[in-house]
There are 2 protein chains.
Amino acid sequence: MREFKRKARVLLIDDNADHLRGVKELITLESSYDVVATTTSASMGINLAKKYRPDLILMDVNMPEKDGLQAIQEIEKLDLGIRVICLSGYDDADLIFRAMKLGAKSYVLKTMASAQLIYAMDEVAAGKIYLPTALTSRFFEYFQRSFKEEQTVSAEENLLTYLTSREEEVLDLLTQGNNYKGIAGKLFISETTVKTHVNNIFQKLQVNDRTQAVLYALNNGFKRHKIAV
Amino acid sequence: MREFKRKARVLLIDDNADHLRGVKELITLESSYDVVATTTSASMGINLAKKYRPDLILMDVNMPEKDGLQAIQEIEKLDLGIRVICLSGYDDADLIFRAMKLGAKSYVLKTMASAQLIYAMDEVAAGKIYLPTALTSRFFEYFQRSFKEEQTVSAEENLLTYLTSREEEVLDLLTQGNNYKGIAGKLFISETTVKTHVNNIFQKLQVNDRTQAVLYALNNGFKRHKIAV
DNA sequence: TTTGTCTTACATCTTTGGATTGATAAAATA
DNA sequence: TATTTTATCAATCCAAAGATGTAAGACAAA
């Protein structure tokens, strides 16, 4: 049962009152969307989102204050299916990356043509995620750079490769927050044996205690776990 | 000093010989690129990449065998500035995500129009990263889903918010692998004071020892550090 | 067969870590 | 002003962690 005729409802959040008016006018005149509410405050925007449950939110994200990003996060946490489109004056790759990471469905620059904004709204209203080509390119450069850095670190020399398979098991249990007794119980071996393994692990990883061993493991490719308390 | 006139040189890797011929013909007839070599084997492709040092590589990535992805990784590791474009029969989000993560500069489906491929080559040759709109959308859905899973855990209730600023400092030093003495020295306070803080941290985070505290911190938004040994 | 590595295990000893209680002064808050 | 929170420090006490040396059985490689 989809509603075909109802106009999609939009909430505008922008701390610049002038720009807010401009966008509202643009949407009212040149698009088929209903502006149900506007506000210049991020926290007020969250309240209005709860109250009106719009289909879309046009959210201003300013660089210096990170209110905008936090607001996205909180709106996503509400889980009301409200789709957030970022409007920003900055084509900063980090900002784009973080906004998309938090669940924004689109990111459009204020300097772009108004048709671009309307197009983004149409795409997002149709359930898609949309980034202008130029920003997609920026996003991917940032994305690939961040992964490349991860790889080069572990490339130097990974002391983890010197561990025997049993030592890996022990280290894995250490990274879950187990003490000697816990590890002994889980591997069905004596506590003294565990101590032997752990000491060997310290030698091989060149660390002084279990916390450093765990940190080394996590920083060098060991998978993360939930803590077993 | 850029070379304007030289035609960009392309290496083709595709285990389907028929498709390989087709792509070669397409590029030769309809584009301004030079096909310098072709091969049906991924490992041979890496050798040819070293030998010819092409500007671009058109790489076939098949779903079942992950040779293609491994090949991308190895070519990126060579760090010769060779740009890899993925050609695939599958618009699988995970496959797209992994290919881009490993450094592919573009990802085009075999079912797409040949003009699309030429366009991708032009964009990549110009130094950009290019994904067709439809695939960008898929990529972002996958991207956001993977981050959403991470967040739901920490969204419940973050015990870190109960920490005082001093306790945060102490915890931060714990996540760098410091012991009591190390922390005391760095904060210019006595070791017993550090013990008090650490004990309070344990209470607030509901953990039993420093390793669990560190793991909780890392799993709930504390930034990662290098180990200070 | 010998050599070496891995896994298991124990004893001993020292150091570090963690729990608890109590106390003081400054600062924030009601 | 009174109250609470925060940051500082100390003394104990016990448990846990870590260092070191030794050694036996399993197993694989030379």
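Just so we're on the same page: letters track the sequence lines, and every chain starts at 1. Here the structure is a predicted model, which is why all the values come from computation and not from measurement.
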If the cut-off is 4.0 Å, is Tyr180(B) near the phosphate of dT15(C), judged by side-chain N/O to OP1 or OP2? no
Under 4.0 Å between a side-chain N/O of Arg166(B) and OP1 or OP2 of dT8(D), yes or no? yes
How close or far is atom C1' of dT20(D) from atom CD of Gln203(A), stated in whole angstroms? 10 Å
Does the distance from a Lys or Arg side-chain N to an Asp or Glu carboxylate O, for Arg83(B) and Asp55(B), drop under 4.0 Å? no
What do you reckon, are the aromatic ring centroids of Phe139(B) and Phe143(A) less than 6.0 Å apart? yes
Determine, stepwise, if the pair Leu135(A) / Leu109(A) fulfils side chain to side chain contact (heavy atoms under 4.5 Å, CB included). CA-CA 9 Å; Leu135(A) 300 187; Leu109(A) 294 182; 4.1 Å; yes
Atom CD1 of Ile201(B) and atom C1' of dT6(D) are separated, to the nearest Å, by 13 Å
When the distance from CG of Leu174(A) to P of dA17(D) is rounded to whole Å, what number comes out? 10 Å
Report the distance from atom CD of Glu191(B) to atom P of dT12(D), rounded to the nearest whole Å. 17 Å
Rounded to whole Å, please give me the gap between CG in Asn208(B) and C1' in dA16(D). 12 Å
Value for CG (Leu20(B)) from OG1 (Thr38(B)), rounded to nearest 0.5 Å, stands at 4.5 Å
Result for salt bridge (charged side-chain N to carboxylate O under 4.0 Å, His left out) between Arg138(A) and one of Asp92(A), Asp91(A), Asp94(A) points to Asp91(A)
Are any of Thr192(A)'s side-chain N or O atoms less than 4.0 Å away from OP1 or OP2 of dC10(C)? yes
If you assign each of Ile189(A) and Lys204(A) to its closest nucleotide in DNA chain C, which residue comes earlier from the 5' end? Lys204(A)
Given dA19(D), dC6(C), dA19(C), the nucleotide with the shortest approach to the side chain of Thr164(A): dC6(C)
For Leu173(A) and dA17(D), what is the distance between atoms CG and P respectively, to the nearest whole Å? 14 Å
Among the candidates dA19(C), dC9(D), dA9(C), find the nucleotide nearest to the side-chain atoms of Phe202(B). dA19(C)
Side chain of Asn179(A): nearest nucleotide among dG18(C), dA10(D), dA17(D)? dA17(D)
Between Glu167(A) and Lys204(A), is the closest basic N to carboxylate O distance under 4.0 Å? yes
Separation of atom CD in Gln212(A) from atom P in dT16(C), rounded to whole Å: 13 Å
I need the CD-C1' distance between Glu169(A) and dT7(C), as an integer number of Å. 11 Å
Within residues 193-200 of chain A, residues whose heavy atoms come under 4.0 Å of DNA chain C: Thr193(A), Thr196(A), His197(A)
Is any side-chain N or O of Ser190(A) closer than 4.0 Å to OP1 or OP2 of dT8(C)? no
Any salt bridge linking Lys77(A) with Glu74(A)? Criterion: basic side-chain nitrogen under 4.0 Å from a carboxylate oxygen. no
